[in-house]
Amino acid sequence: MEQTLSIIKPDAVAKGFIGKIIDRFESNGLRIAGMKKLHLSTKQAEDFYAVHKDRPFYADLVKFMSSGPVVVMVLEGENAVLKNRELMGATNPKEADKGTIRADFAQSIEANAVHGSDSLENAKNEVAFFFDGHEIL
Ligand code: IDP
Ligand code: MG
């Protein structure tokens, strides 16, 4: 069993896609072990995406991720990290496979509906960024 962090980003929350996106996880063997709705501060968004701080899109990404509420979730299941990445689709929704979350619910390479941890090690750090142990059930 693995755990991974998922974020439903501000674009998808604003468009009313929370339920439809959660259904993709629950219908594909990923259990919601923890969940909360948050409005990230600039500082939280900066810290969460610190790995990208030298990329040209960093400032815009931080602005976007703190522009409205998000839903953060701990997903649990077999191969949860990879399974979530497969369900999400490619970063650029125009390149995402048919039937993936980003192909179906995202607009642009920045406003791309969901975040998902990209390795087991990052998943552990990202889960700990948002959740205390007692919030994961
Ligand atoms: P990922 O979310 O598929 O793992 P990353 O490369 O880790 O993609 O990038 C993190 C986030 O930064 C993306 O989900 C997207 O919101 C944003 N981003 C990535 N590349 C670009 C870009 O070229 N322009 C604008 N935003 C980008
Ligand atoms: Mg990434």
Side-chain angles (χ1 to χ4, degrees):
M1 277 298 173
E2 285 180 7
Q3 290 182 343
T4 189
L5 186 86
S6 169
I7 306 177
I8 304 178
K9 295 186 178 184
D11 58 315
V13 171
K15 290 198 154 74
F17 293 147
I18 294 173
K20 289 191 167 77
I21 290 172
I22 288 177
D23 182 51
R24 300 290 176 99
F25 301 137
E26 292 192 316
S27 298
N28 287 280
L30 293 176
R31 196 178 69 78
I32 315 294
M35 175 159 66
K36 49 180 104 169
K37 192 176 192 184
L38 302 169
H39 192 142
L40 300 185
S41 65
T42 301
K43 172 85 166 76
Q44 278 177 305
E46 283 172 350
D47 290 349
F48 184 77
Y49 278 115
V51 62
H52 292 307
K53 68 178 184 306
D54 296 327
R55 308 282 288 276
F57 56 80
Y58 179 65
D60 275 350
L61 177 62
V62 166
K63 210 171 177 186
F64 164 62
M65 287 301 291
S66 54
S67 68
V70 298
V71 174
V72 296
M73 284 170 286
V74 181
L75 304 179
E76 186 177 87
E78 259 177 58
N79 298 314
V81 173
L82 186 61
K83 188 178 278 183
N84 180 40
R85 294 293 305 196
E86 286 172 357
L87 293 172
M88 289 164 60
T91 307
N92 185 347
K94 290 180 184 72
E95 290 163 10
D97 287 345
K98 232 179 130 206
T100 60
I101 293 168
R102 282 166 164 170
D104 290 345
F105 301 118
Q107 280 66 52
S108 71
I109 192 166
E110 178 181 78
N112 59 2
V114 281
H115 167 85
S117 311
D118 63 3
S119 70
L120 197 51
E121 192 193 345
N122 286 339
K124 291 198 169 95
N125 293 331
E126 291 180 359
V127 165
F129 185 93
F130 285 114
F131 291 87
D132 288 331
H134 71 274
E135 296 172 316
I136 301 171
L137 304 163

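Both counts, for ligands and for their atoms, begin at 1 and track the order of listing.
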Exercise for the section: List the steps, then state whether salt bridge (Lys or Arg N to Asp or Glu O under 4.0 Å) holds for Asp11 with Lys15. Expected result: CA-CA 6 Å; Asp11 58 315; Lys15 290 198 154 74; over 6 Å; no
Practice task
Classify the angle between the aromatic ring planes of Tyr49 and His115 as parallel (below 30°), tilted (30 to 60°) or perpendicular (above 60°).
Solution key: perpendicular
Handout entry: Top protein contact for atom 15 (C) of ligand 1, by heavy-atom distance
Key = Ile109 O, 3.1 Å
Exercise for the section: Just need the protein heavy atom nearest to atom 21 (C) of ligand 1, so name the residue and atom and give the distance. Expected result: Phe57 CD2, 3.4 Å
Fill in the blank from the handout: The protein heavy atom nearest to atom 6 (O) of ligand 1 is His52 CE1, 4.0 Å
Practice task
Look at the side chain of Arg31 and the backbone N and O of Leu75, then say whether any donor-acceptor pair between them is shorter than 3.5 Å.
Solution key: no
Exercise for the section: Taking atom NZ of Lys36 as the centre, report whether more than 12 heavy atoms of other residues, nucleotides or ligands fall under 6.0 Å from it. Expected result: yes
Practice task
Using a 4.0 Å heavy-atom cut-off, say whether Leu61 meets ligand 1 through its side chain, its backbone, both or neither.
Solution key: side chain
Fill in the blank from the handout: A student comparing Ile7, Asp60, Asp118, Thr91 should find that the heavy atom closest to atom 8 (O) of ligand 1 comes from Thr91
Completion exercise
Residue, atom and distance of the protein heavy atom nearest atom 2 (O) of ligand 1 read Arg102 NH2, 3.0 Å
Handout entry: Arg55 N/O under 3.5 Å from ligand 1 N/O
Key = no
Exercise for the section: Look only at the side chain of Asn92 and the backbone of Lys94, and say whether a donor-acceptor pair between them is shorter than 3.5 Å. Expected result: yes
Practice task
Count the heavy atoms of every other residue, nucleotide or ligand shown that sit under 6.0 Å from CG of Asn28, and state whether that count exceeds 12.
Solution key: yes
Problem - Proximity flag Arg85 to ligand 1, non-hydrogen atoms under 4.0 Å - result: yes
Practice task
Quick one: look up the protein heavy atom nearest atom 13 (C) of ligand 1 and list residue, atom name and how far away it is.
Solution key: Asn112 ND2, 3.6 Å
Handout entry: Residue pair Asp104, Arg24: steps toward the salt bridge (Lys or Arg N to Asp or Glu O under 4.0 Å) verdict
Key = CA-CA 11 Å; Asp104 290 345; Arg24 300 290 176 99; 2.8 Å; yes
Problem - The one among His115, Met88, Lys9 that brings a heavy atom closest to atom 14 (O) of ligand 1 - result: Lys9
Handout entry: Polar contact flag for Tyr49 and ligand 1 (N/O pairs, less than 3.5 Å)
Key = no
Problem - Worked verdict on Leu38 versus Phe130 for side-chain contact (heavy atoms from CB on, under 4.5 Å) - result: CA-CA 10 Å; Leu38 302 169; Phe130 285 114; 3.7 Å; yes
